[in-house]
Student: 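Just passing along the structure, written as structure tokens.
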Amino acid sequence: MIIEQDKRWCVSRSQTPALKLQQVLDNVCARLDCKEILPGGSCYAPNNYINHGSYAIDLDYRVNNVCDASYATITNKDPSFGTCVYP
């Protein structure tokens with residue numbers, strides 16, 4: 001039997017300023033597909049910087065394996081909710 005290791009996600013820190021999260025969103029979404037946090041996407045609501053920033057930060061983490069501690073943190077608690085499923 002194969003036991004899956006604990007999965008980890010990289011999400012935005014709650015105290016990260018909105019301006020920094022906007023910069024992260026602009027950077028990540030210029031390089032990767034952020035359709036899930038656009039209007040109509042499964043992770044669009046709630047429409048706020050923490051929610052959208054966390055999704056984009058984790059997407060970048062999945063692709064580049066980097067979690068910048070200045071605005072993000074690693075968690076083993078799945079941030080998915082409702083129809084919003086984090087990778």
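Please read these numbers as outputs of a predicted model, since none were measured by experiment.
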Student: Apply side-chain contact (heavy atoms from CB on, under 4.5 Å) to Thr83 and list each qualifying residue two or more places apart in sequence or on a separate chain.
Tutor: Ser42

Student: Could you list all the salt bridge (Lys or Arg N to Asp or Glu O under 4.0 Å) pairs where at least one residue sits in residues 64-87, not counting sequence neighbours?
Tutor: none

Student: Suppose we screen for salt bridge (charged side-chain N to carboxylate O under 4.0 Å, His left out). Which residues come up paired with Lys20, at least two apart in sequence or across chains?
Tutor: none

Student: How many angstroms lie between atom CH2 of Trp9 and atom OG of Ser54, to the nearest 0.5 angstrom?
Tutor: 13.0 Å

Student: Is any side-chain heavy atom of Val24 less than 4.5 Å from a side-chain heavy atom of Ile57?
Tutor: yes

Student: Please identify each residue that fulfils side chain to side chain donor-acceptor pair (under 3.5 Å) with Asn48, with sequence neighbours left out.
Tutor: none

Student: Donor-acceptor pair, distance only, cut-off 3.5 Å: does the side chain of Asp60 make one with the backbone of Val28?
Tutor: no

Student: Give every residue pair that meets the ring-ring contact (aromatic ring centres under 6.0 Å, His included) criterion with at least one member in residues 68-87, sequence neighbours excluded.
Tutor: Tyr55-Tyr86

Student: Who clusters with Tyr61? Use side-chain heavy atoms, under 4.5 angstrom, across I, L, V, M, F, W and Y, and order the result by chain and number.
Tutor: Ile74

Student: Any salt bridge (Lys or Arg N to Asp or Glu O under 4.0 Å) pairs touching residues 48-59, not counting sequence neighbours?
Tutor: Asp58-Arg62

Student: Run the side-chain contact (heavy atoms from CB on, under 4.5 Å) test on Leu59 and Ile37 for me, step by step, so that the C-alpha distance in whole Å, both residues' side-chain angles and the decisive distance to 0.1 Å come before the verdict.
Tutor: CA-CA 11 Å; Leu59 183 61; Ile37 55 175; over 6 Å; no

Student: Between Leu38 and Leu25, is there shared hydrophobic-cluster membership here, with clusters defined by ILVMFWY side-chain heavy atoms closer than 4.5 Å?
Tutor: no

Student: I need the full list of disulfide (SG to SG under 2.5 Å) pairs touching residues 45-87, with sequence neighbours left out, sorted by first then second residue.
Tutor: Cys10-Cys67, Cys43-Cys84

Student: For residues 33-52, which residue pairs pass the ring-ring contact (aromatic ring centres under 6.0 Å, His included) check, not counting sequence neighbours?
Tutor: Tyr44-His52

Student: Please confirm whether the backbone N or O of Arg13 pairs with a side-chain atom of Thr73, one donor and one acceptor, at under 3.5 Å?
Tutor: no

Student: Residues in side chain to side chain donor-acceptor pair (under 3.5 Å) with Asp26, at least two apart?
Tutor: Gln22

Student: Can you list everything that forms a side-chain contact (heavy atoms from CB on, under 4.5 Å) with Asn27? Sequence neighbours excluded, please.
Tutor: Arg31

Student: Any sub-3.5 Å donor-acceptor pair from Thr16's side-chain atoms to Ser12's backbone N or O?
Tutor: no

